[in-house]
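This report refers to the structure that appears directly beneath it.
Each chain gets a letter, A, B and so on, in the order its sequence line appears, and its residues count up from 1. FYI, side chains are in, hydrogens and waters are out, and symmetry mates aren't considered; it's all heavy atoms of this structure.
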2 protein chains.
Amino acid sequence: MTSIAPAAASPEELLRGAGLRVTAARVAALRAVGENQHATTDAVLGSVRSELGTVSVQAVYDVLHALTDAGLLRRIEPAGHPARYERRTGDNHHHIVCRSCGAIGDVDCTVGHAPCLTPSDDHGFVVETAEVTYWGLCPDCRGKAPGADPATQP
Amino acid sequence: MTSIAPAAASPEELLRGAGLRVTAARVAALRAVGENQHATTDAVLGSVRSELGTVSVQAVYDVLHALTDAGLLRRIEPAGHPARYERRTGDNHHHIVCRSCGAIGDVDCTVGHAPCLTPSDDHGFVVETAEVTYWGLCPDCRGKAPGADPATQP
DNA sequence: CCCTAAACTGGAATCATTCCAGTTGAGTGG
DNA sequence: CCACTCAACTGGAATGATTCCAGTTTAGGG
């Protein structure tokens, strides 16, 4: 019925739909994250520059903030790693992060919906969101990781 | 029966028990975190300095790392806020963080033990731990926070 | 009491991110 | 179709948390 945001809307449509100005930097950044989910700011910067030529660092930070605020991107900030961005927004999914290289995978909560998302004691806080982060080693880092059990390897 | 780590062991005992050298900086840092749970590095630095006089920034970072590695402290790193440390280790409890001031409260998982701590899809990762972070506003920040619903207030 | 590795000092460096002041350009209204 | 205005972008400096480094001190075993 409604068609506010078609499944595969173009970057331009997404931006207009969110009430944002359409600029080359924003279109490029949106596409960059679409092609490389969980991209770092640096990766987006590289991608945007390879498409547009000279783009300032600040512009990319501004763009990513604007897109995040508008709900077109979601920012992920794993402890000890630079921020990353993804296009999957709205649904409450979680992330699995590699301790070694910072690689990220999406994880849907097993238990249907928000199992432990209501704290037992909220200390008077107004709880807005809950996020679950799984920490481990990605397939690439498993073999070469220091401290890994040698017996585990072939 | 066993008494490897008595409930209220002194800082010195804790350090020896963990196989660490007993130094003034470590004792002071351990006490500082004990008296001020969820203390920031900066808070620990201030506390240690007020007790010992001149102590280098590096020393406090070293001490906190050593104590964390030894399992005497647990480090908490909320996105966008400096790291904090607590004495409660071993048990898998979670945290509620104030978006505004970074204040932290402890939260035991409601659902007994580790409900959503097994990801539905691990992407080939070896999962080591899962952490849950609740985001919200602490009682202090609730009133003065920007963007708060005015109708909610008395 | 002496010796050595571990811990500490203090200053410089790094990394992600933000601040700032001036310039450019998207989109609106004439 | 053009002019105008505010949001967006530029580039360089600044910030804040943390780490690196080379030299000095000290805990604690021998």
Under 4.0 angstrom between [X] side-chain N/O and [N] OP1 or OP2:
{"X": "B:H65", "N": "D:dT19", "result": "yes"}
{"X": "B:T41", "N": "D:dA17", "result": "no"}
{"X": "B:T23", "N": "D:dT26", "result": "no"}
{"X": "B:R26", "N": "D:dA27", "result": "no"}
{"X": "A:Y61", "N": "C:dT18", "result": "no"}
{"X": "B:T54", "N": "C:dT9", "result": "no"}

If I take atom [atom1] in residue [X] and atom [atom2] in nucleotide [N], what distance separates them, rounded to the nearest angstrom?
{"X": "A:R49", "N": "D:dT10", "atom1": "CZ", "atom2": "P", "result": "9 Å"}
{"X": "A:L45", "N": "C:dT17", "atom1": "CG", "atom2": "P", "result": "12 Å"}
{"X": "A:Y85", "N": "C:dA16", "atom1": "OH", "atom2": "P", "result": "13 Å"}
{"X": "B:L52", "N": "D:dT25", "atom1": "CG", "atom2": "P", "result": "18 Å"}
{"X": "B:D62", "N": "D:dT26", "atom1": "CG", "atom2": "C1'", "result": "15 Å"}
{"X": "B:R84", "N": "D:dT18", "atom1": "CZ", "atom2": "C1'", "result": "16 Å"}
{"X": "A:E77", "N": "C:dC15", "atom1": "CD", "atom2": "P", "result": "19 Å"}
{"X": "A:L15", "N": "D:dA8", "atom1": "CG", "atom2": "P", "result": "11 Å"}

Result for 5'-nearest mapping on DNA chain D, choosing between B:Q58 and B:V22, is B:Q58

Closest to the 5' end of DNA chain D, once B:H81 and B:A24 are matched to their nearest nucleotides, is B:H81

Regarding A:A25, tell me which of base, sugar-phosphate or nothing describes its non-hydrogen contacts under 4.0 Å with the strands shown.
sugar-phosphate

Base, sugar-phosphate, or nothing for B:A83, non-hydrogen atoms under 4.0 angstrom?
sugar-phosphate

With B:V60 as partner, the option from B:V63, B:L64, B:D62 fulfilling side chain to side chain contact (heavy atoms under 4.5 Å, CB included) is B:L64

Would you confirm whether [X], through its side chain, and [Y], through its main-chain N or O, come within 3.5 Å as a donor-acceptor pair?
{"X": "A:H38", "Y": "A:I104", "answer": "yes"}
{"X": "B:R74", "Y": "B:E86", "answer": "no"}
{"X": "B:R31", "Y": "B:P11", "answer": "no"}

Side chains of A:L73 and A:R87: does their closest heavy-atom pair fall under 4.5 Å?
yes

Measuring from the side chain of A:R21 (C-beta onward, heavy atoms only), which nucleotide among D:dA7, D:dG28, C:dG10 has the closest atom?
D:dA7

